[in-house]
Structure formats: C-alpha cells, structure tokens
Amino acid sequence: MQETIDNVWLKRILALINLIYVFVIGIFTYASFLYTLELKEETYLGFAVAYIVVSILFMVLMILTRHNLVTRIIGILLPPLVFLLTIFNLGNWLLIIPAFVVAVVVFFVCSNNATLKVILGTIYLLVYVLGLILVFVLNFLFGGSNTVETMLDAETLSDPDNAAVYEIYADVMDDINSVNYTEDGEDKRISPDGTKMYYLADVQDNNTGNLVLYVIPYGNDKDFQFFTLKEKGVRYTVYRFGSRGAVPLEIAWVDNDTLKYQRRDGKVEESTIIMPEKNYFEFLGIN
C-alpha cells in the first residue's frame, strides 16, 4: 500500500488531476466576473455538500502530491485566483470559504522554497487586506453603503426579506401588477423582440429613497442545475419618479426601442432606449 502511495508516476497523475480544481475555480471566477452567480435555493444544500466534499478531496490530493512541480505551482497560483473569486462574490460565503481554505492550506504545505513562501505570503496578505479595503471604499464612494434595490413585482415582494418594502407598496399592488402584466398574466415588461425588459425598482438609500424605471437586456441569463448566471453591468435608467410608495399608471413598449411611461407629474412621455456598454467594474460600485 505504501509503495503505491509513493509511486512517482501515480503522484504525477494525481498532480495533473489537481488542475481540475484550479480549472473549476477559474470558471467560477470568470463567470462571476461577467455575471451575477446566484445559488438556487432548492439545490443549495446539495451544492454545498458536493462543493465542500470535492474541495476536501482535492486538498488531500494536493497534500499527497505537495512535492510535485505541478502542485507546487498550483500552491502559488491558487491564492490570487481565490482573491478574485472573493471580490466578485462578496457575501456568497459558501462559494468563497472552501476555496480559500484549500488555497491557504496548499500554499503552506507545498514544498516550495521557504524564502519564496515568506515573500509571496506577505504579498498575498497585503493584496487580500488592501484589496478588500479598496473594494469596500469604492463601493461606499460610488455605490452607496446603504443602497438597497428591490424589484417591484408580486414574486419579489412576497419574499419575507422584502416585507418592509411590501408595506410601502401594499396599497398599490394592483397598479404594480397592471404595469407588469396583462389581464391574462402575460409579462408586459418584455420588449416585442424579446431582447429587453423594463422593471420598476424601489431604491432605498441614505435619503428618502426613490422609485426608478430601468431597462435591462432580457434572455441573457444562463441556467444550470445548482446556480443561475444573471446578466449584470448593462442597465439603462429611463426615469426617476422620486418618492416611494406610488407607481405610474402606464408603462408600455411602443416598439423594440421605445418605451412609453407616465411621469411623476402625470404627463405621458416616450423614451428611446439606448443600451449602454457592459460595465465590467460594477463589482466596485462604479456605474
């Protein structure tokens, strides 16, 4: 048994297998840079168990092959990769913590030069600390530390977490449903060509709050078994209605690029929708 474990070729194969974990973490990082990665509630537990078990298994494999060149390189590259995963998914701790633990353990157990470990360890510590501080500062300056947006539709407002927002709009739920859906239940928010979607959002910030009409791309989300990748970084602000608690009585698509809506003063206006370029720095709160 010991001879099998110590077999050089077996360890080389296991070290190459370790690259699968790096590849998966890289895919998660890249996907969450372009999209918002949302874990599905109905499969959350299954994903959590699978993700944690797989992370532990790969961590054991990396410990067993810690003297192999491939694993030693993985030990150096994994911490900065997990840092990117962290800043793109702040708050999604299930996705971050297992990968972070694997990265830290493998970095220290791999038989890389001790001086190299000290230098890189210091650099990585500074990157994590200063990087996270920078992200929080930029989000505070550009995004607003207490800004919370809630889409106004029956499904979102029925969530217990949105009970406070529901109370504000409880008396106008019929008006919300009227601008969102037809009498037959068809979604009016989607443009005729199916590429855009408008929605009303309650924006709660440090001031009195606001009601905003947005347009976003439609149909670009990607659905998987355990999570959904939702389009982010592309949104057009059509109109800000001002105070919360009341909604316009009319919103409708005139054509694929023109939206008609009732302004705060009651006047009906048409707006040409010109979708902006994708904002890749939305995770920093920069709009």
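Computed from a predicted model, the values in this text were never measured in an experiment.
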**Request:** Taking all heavy atoms of Tyr261 and all of Ser271, pick out the closest pair and write down the distance.
**Result:** CE2-CB, 3.7 Å
**Item:** Inter-residue atom distance Ile52.CD1 - Ile97.CD1, 0.5 Å rounding
**Value:** 9.0 Å
**Fill in**
To the nearest 0.5 Å, atom CG of Leu200 lies from atom CD1 of Ile251 at 4.0 Å
**Prompt:** If you look at every heavy atom in Glu282 and Gly233, which pair is closest and at what distance?
**Reply:** OE1-N, 3.3 Å
**Message:** Can you tell me how the ring of Phe283 sits relative to the ring of Phe33, calling it parallel under 30°, perpendicular over 60° and tilted otherwise?
**Reply:** perpendicular
**Message:** Tell me whether Lys260 contacts the main-chain N or O of Glu250 through its side chain, where contact means a donor paired with an acceptor under 3.5 Å.
**Reply:** no
**Request:** Could you tell me whether Asp171 atom CG has more than 12 heavy atoms of other residues or ligands within 6.0 Å of it?
**Result:** no
**Message:** Any heavy-atom pair between the side chains of Leu259 and Leu213 that's under 4.5 Å?
**Reply:** yes
**Request:** Find out whether Leu157 and Met173 are in side-chain contact, i.e. whether some heavy atom of one side chain is under 4.5 Å from a heavy atom of the other.
**Result:** yes
**Message:** Would you say that more than 12 heavy atoms from the other residues, nucleotides or ligands in this model lie under 6.0 Å from the NZ of Lys222, or not?
**Reply:** no
**Message:** Check for me, please, whether Ile63 and Leu61 land in the same ILVMFWY cluster - side-chain distances under 4.5 Å, paths through other members count.
**Reply:** yes
**Message:** Treating Asp221 as the side-chain partner and Glu231 as the backbone partner, does any N or O pair qualify as donor plus acceptor under 3.5 Å?
**Reply:** yes
**Request:** Verify side chain to side chain donor-acceptor pair (under 3.5 Å) between Tyr239 and Glu269, making sure each step is shown before the conclusion.
**Result:** CA-CA 10 Å; Tyr239 187 73; Glu269 187 170 293; over 6 Å; no
**Asked** Does Phe224 have its ring centroid less than 6.0 Å away from the ring centroid of Phe226?
**Response** no
**Request:** Consider only side-chain N and O atoms of Thr182 and Asp184, and report whether a donor and an acceptor are under 3.5 Å apart.
**Result:** no
**Request:** Carefully, step by step, assess Asp265 and Arg263 under the rule salt bridge (charged side-chain N to carboxylate O under 4.0 Å, His left out).
**Result:** CA-CA 5 Å; Asp265 58 9; Arg263 300 194 328 180; 2.6 Å; yes
**Prompt:** Considering only heavy atoms from C-beta outward, does the side chain of Leu284 approach that of Val135 to under 4.5 Å?
**Reply:** yes
**Asked** Does Ile25 belong to the same Ile/Leu/Val/Met/Phe/Trp/Tyr cluster as Leu84, with side-chain heavy atoms less than 4.5 Å apart forming each link?
**Response** yes
**Prompt:** What are the two closest heavy atoms between Leu85 and Leu95, and how far apart are they?
**Reply:** CD2-O, 3.7 Å
**Request:** Kindly say whether Asp257 contributes a backbone atom to a donor-acceptor pair with the side chain of Lys196 at under 3.5 angstrom?
**Result:** no
**Asked** Within the distance-only criterion (no hydrogens, no angle test), does the side chain of Lys40 pair as donor or acceptor with the backbone N or O of Phe47 below 3.5 angstrom?
**Response** no
**Heavy-atom check, side chain of Phe58 versus side chain of Ile17, under 4.5 Å** = yes
**Request:** Look only at the side chain of Tyr124 and the backbone of Ile76, and say whether a donor-acceptor pair between them is shorter than 3.5 Å.
**Result:** yes
**Item:** Hydrophobic cluster membership, Val148 vs Tyr169, 4.5 Å side-chain cutoff
**Value:** no
**Fill in**
Between Ser32 and Asn89 the two heavy atoms that sit nearest each other are OG-ND2, 2.9 Å
**Message:** Would Phe281 and Leu138 count as a side chain to side chain contact (heavy atoms under 4.5 Å, CB included) here? Give the steps.
**Reply:** CA-CA 10 Å; Phe281 299 100; Leu138 289 175; over 6 Å; no
**Item:** Heavy-atom pair with the smallest gap, counting every atom of Phe107 and Gly121
**Value:** CZ-N, 3.6 Å
**Request:** Using a 4.5 Å cut-off on heavy atoms from C-beta on, say whether the side chain of Phe136 contacts that of Leu90.
**Result:** yes
**Message:** Closer than 3.5 angstrom, by distance alone: can the side chain of Asn112 be matched with the main-chain N or O of Arg72 as a donor-acceptor pair?
**Reply:** yes
**Asked** Is the number of heavy atoms from other residues, nucleotides or ligands under 6.0 Å of Leu130 CG greater than 12?
**Response** yes
**Message:** Quick check: is Val234 connected to Leu34 through a chain of hydrophobic side chains (ILVMFWY, heavy atoms under 4.5 Å apart)?
**Reply:** no
**Message:** Treating Thr65 as the side-chain partner and Leu14 as the backbone partner, does any N or O pair qualify as donor plus acceptor under 3.5 Å?
**Reply:** no
**Asked** Transitively linked via ILVMFWY side-chain contacts under 4.5 Å: Leu64 with Leu57?
**Response** no
**Item:** Geometric cation-pi criterion, Arg189 with Tyr199: 6.0 Å, 45°
**Value:** no
**Asked** Could you state the interatomic distance from OG1 (Thr195) to CD1 (Ile216), rounded to the nearest 0.5 Å?
**Response** 11.5 Å
**Message:** Is the shortest side-chain heavy-atom distance between Met275 and Val215 below 4.5 Å?
**Reply:** yes
**Asked** Can you tell me how far CG of Asp202 sits from CZ of Arg244, rounded to the nearest 0.5 angstrom?
**Response** 4.0 Å
**Message:** Closer than 3.5 angstrom, by distance alone: can the side chain of Tyr44 be matched with the main-chain N or O of Leu39 as a donor-acceptor pair?
**Reply:** no
**Any side-chain donor near an acceptor of the partner, Asn68 and Thr71, under 3.5 Å** = no
**Prompt:** Considering the options Leu126, Val127, Leu125, which one meets the side-chain contact (heavy atoms from CB on, under 4.5 Å) requirement together with Val129?
**Reply:** Leu125
**Asked** Is there a donor-acceptor pair closer than 3.5 Å between any side-chain N or O of Lys232 and the backbone N or O of Leu37?
**Response** no
**Asked** Where do Ser55 and Val102 come nearest, in terms of heavy atoms and distance?
**Response** O-CG2, 3.5 Å
**Message:** Walk me through whether Asp187 and Tyr181 qualify under side chain to side chain contact (heavy atoms under 4.5 Å, CB included).
**Reply:** CA-CA 5 Å; Asp187 199 330; Tyr181 305 100; 4.0 Å; yes
**Item:** Side chain to side chain, Val24 and Val54, heavy atoms closer than 4.5 Å
**Value:** no
**Message:** Do Ser158 and Tyr166 pair up side chain to side chain, a donor and an acceptor below 3.5 Å, judged on atom types alone?
**Reply:** no
**Request:** Go through Ser178 and Leu249 one step at a time and tell me if the side chain to side chain contact (heavy atoms under 4.5 Å, CB included) criterion holds.
**Result:** CA-CA 8 Å; Ser178 177; Leu249 299 178; over 6 Å; no
**Message:** I need the Phe23 CZ to Leu19 CG distance, nearest 0.5 Å.
**Reply:** 11.0 Å
**Prompt:** Taking side chain as C-beta onward, heavy atoms only, is Leu211 less than 4.5 Å from Pro248?
**Reply:** yes
**Prompt:** Is the count of non-hydrogen atoms from other residues, nucleotides or ligands lying under 6.0 Å from Lys230 atom NZ greater than 12?
**Reply:** no
**Item:** Ring centres under 6.0 angstrom apart (Tyr35, Phe227)
**Value:** no
**Prompt:** Does the side chain to side chain contact (heavy atoms under 4.5 Å, CB included) test come out yes or no for Ile87 and Leu132, once each step is laid out?
**Reply:** CA-CA 7 Å; Ile87 64 173; Leu132 290 173; 4.0 Å; yes
**Message:** Other residues, nucleotides and ligands only: do more than 12 of their heavy atoms fall within 6.0 Å of OH on Tyr218?
**Reply:** no
**Flag, side chain of Asn92 to backbone of Glu38, donor-acceptor distance under 3.5 Å** = no
**Message:** Are there over 12 heavy-atom neighbours, none belonging to Glu186, within less than 6.0 Å of that residue's CD?
**Reply:** no
**Message:** Would you compute the distance between atom CG of Asn180 and atom CE of Met151 and round it to the nearest 0.5 angstrom?
**Reply:** 9.0 Å
